[in-house]
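What follows is a short report on a single structure.
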Amino acid sequence: MTRTALIVGAGIGGLAAGIALRQAGWDIRIFERAPVVRELGFALLMAPNAMAALHDLGVADVVLERGFLPVRGEVRRMNGAVLKRAEIPPPEVLGGPAVVAMRPALHGSLLEAVGEDALTLACEVTGLETDGEQAVLQTAEGNTAEGDVIVGADGAGSTIRRVLHPSEPPPRECGIIAVRGATQGGVESLGDLSGIWYMGPGVEAFFVRASDTGIYWALSVARELLPHGMQGPEAIVAHMAPRFEASFREVMSITTELRVDELVDRDPLPFWSSGPVTLLGDAAHPLLPHTGQGAAMAITDAVALGKALGEESSVPEGLGAYEREQRPKTAYLLGRGRRTARVMRTTNPVACSLRDVAVRLVPVTPLVKAFAGINRLSGTDVSSR
């Protein structure tokens, strides 16, 4: 008899889970509180482990076609002084392609593969009930839906996570304010480069090509460098832009779509699953962007979940196998993201100088692999494919 999966959230993780579970023989229903399925025009790094997972889902070629494969970049001080110029290692060295893609390109590819008929929109999930085998979702409208497994892919503010862990403390702040933007045009600012990464005391920023014409950029600032009460992205950009060289200022000046966030994460959970209920992506393990693996791990979670629940085992056994596969990787990434964030937000002159020296001296290949988490994620690396 065909089993039914109820997936909460139609973001990247939820859609990927829908594809993976359908491939494993499940019927799927995806519930999304927004009335329209839409991703803002920011971008993502799809490291080789993410591209391998997208290959399993059947959408890697589409994402590769819509994205951009970086070939060279520079690390600079904010005034434009070059610390390092490097060629990006080829896919055969990294274990597969590392692709930068606009979020709508990736999200759209997954949505096309799922099909909109699997989605229930404008439907806010407020709770659930389970008898240990069957599970029932409850919505704000008073409706219910019954299934054999519930997958909470509803982001860092997950309702399903709150049900499983009602006493969990609030998210942990890391003292960094981040502004993100994307624009169509301005690629000439990069010259022959695919991207430029800037470092300064308490400041980290980059801009990178994410399509033939699109640029994605981000600016992270230690909170103490901003005037008290400054919150809006436009105000933060106006305050920080004069500190940067002309190339980055030009890209910021032509950007109309901005987002600001105070970066947070959470400590690793003792468990993701209870009975027929589990978590996935940011709902299970919100990561700092310094890992370069937020969306990647949501996608690899989905593939691991599909494989675990495709086995001839009970749902709780399958969810246990899924957790054993993914939880150690995400716990490692969480710790690494926190360490990197501390290094990047420092304003200590000695620490900043040591950081600059390290960037100059570390060879390119291990630097890129470390950023993409490739060395420690061999379970989803593409080198064996």
Side-chain angles (χ1 to χ4, degrees), residues 45 47 70 72-89 98 172-180 189-208 216-228 230 236-252 260-265 287-293 332-376:
L45 168 67
R72 69 182 59 84
E74 286 183 352
V75 182
R76 299 179 181 178
R77 291 195 173 97
M78 295 165 66
N79 63 7
V82 177
L83 294 172
K84 192 183 196 75
R85 180 182 174 93
E87 301 290 319
I88 306 300
R172 171 187 172 276
E173 299 177 356
C174 72
I176 296 174
I177 307 298
V179 178
R180 291 179 288 166
S189 300
L190 284 164
D192 66 341
L193 301 173
S194 303
I196 302 173
W197 181 22
Y198 298 91
M199 296 193 307
V203 180
E204 176 188 13
F206 66 84
F207 69 115
V208 61
Y216 168 56
W217 62 267
L219 165 65
S220 298
V221 185
R223 186 194 293 111
E224 62 264 27
L225 297 183
L226 298 176
H228 179 71
M230 181 176 285
I236 294 171
V237 168
H239 180 73
M240 296 300 300
R243 309 186 190 194
F244 284 90
E245 64 164 335
S247 297
F248 193 42
R249 292 202 310 270
E250 179 182 348
V251 170
M252 288 191 285
V260 63
D261 297 283
E262 179 147 3
L263 299 186
V264 299
D265 65 11
L287 300 172
L288 293 173
H290 300 80
T291 65
Q293 281 283 327
Y332 157 73
L333 286 169
L334 189 145
R336 199 196 73 198
R338 288 179 175 178
R339 292 190 296 272
T340 304
R342 283 196 297 269
V343 171
M344 297 312 300
R345 74 174 299 277
T346 183
T347 57
N348 182 287
V350 175
C352 290
S353 296
L354 291 174
R355 184 184 62 190
D356 291 355
V357 170
V359 167
R360 288 195 187 101
L361 296 180
V362 174
V364 174
T365 297
L367 190 66
V368 173
K369 285 188 173 183
F371 177 74
I374 296 168
N375 291 331
R376 292 294 298 273

Exercise for review: Show the numbers, then the answer: is there a side chain to side chain contact (heavy atoms under 4.5 Å, CB included) between Phe244 and Asn79?
Suggested key: CA-CA 5 Å; Phe244 284 90; Asn79 63 7; over 6 Å; no

Practice item. Return the set of residues passing side chain to side chain donor-acceptor pair (under 3.5 Å) with Arg72 (not counting sequence neighbours), or none when no residue passes. Key: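 Arg72 satisfies side chain to side chain donor-acceptor pair (under 3.5 Å) with Glu87 only.
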
Any heavy-atom pair between the side chains of [Y] and [X] that's under 4.5 Å?
X	Y	value
Leu226	Met240	yes
Glu204	Met78	no
Ile177	Leu263	no
Val359	Asp356	no
Thr346	Cys352	yes
Trp197	Val208	no
His239	Val221	no
Cys174	Leu288	yes

Nearest heavy-atom neighbours spanning [X] and [Y]:
X	Y	result
Leu83	Met199	CD1-CE, 3.9 Å
Arg355	Met344	NH1-O, 3.4 Å
Phe248	Ala205	CE2-CB, 3.6 Å
Pro70	Ala98	CD-O, 3.3 Å
Gln293	Ala47	NE2-CB, 3.5 Å
Gly337	Thr291	CA-CG2, 3.6 Å

**Study point:** Pairing residues for Arg338 by the salt bridge (Lys or Arg N to Asp or Glu O under 4.0 Å) criterion, not counting sequence neighbours
**Key:**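 Residues passing salt bridge (Lys or Arg N to Asp or Glu O under 4.0 Å) with Arg338: Asp265, Asp267.
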
Check your understanding: So, Glu245 and Arg76, do they make that salt bridge, N to O below 4.0 Å?
Key ->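 Yes.
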
Straight-line distance of [X] [atom1] to [Y] [atom2], nearest 0.5 Å:
X	Y	atom1	atom2	answer
Glu74	Lys84	CD	NZ	12.0 Å
Asp261	Ile176	CG	CD1	12.5 Å
Leu45	Tyr216	CG	OH	10.0 Å
Leu225	Arg345	CG	CZ	8.5 Å

Exercise for review: Assert yes or no for the condition that the ring centre distance of Tyr198 to Phe206 is strictly below 6.0 Å.
Suggested key: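 For Tyr198 and Phe206, the ring centres are not under 6.0 Å apart.
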
Practice item. Tell me, with the steps shown, if Arg342 and His290 meet side chain to side chain contact (heavy atoms under 4.5 Å, CB included). Key: CA-CA 10 Å; Arg342 283 196 297 269; His290 300 80; over 6 Å; no

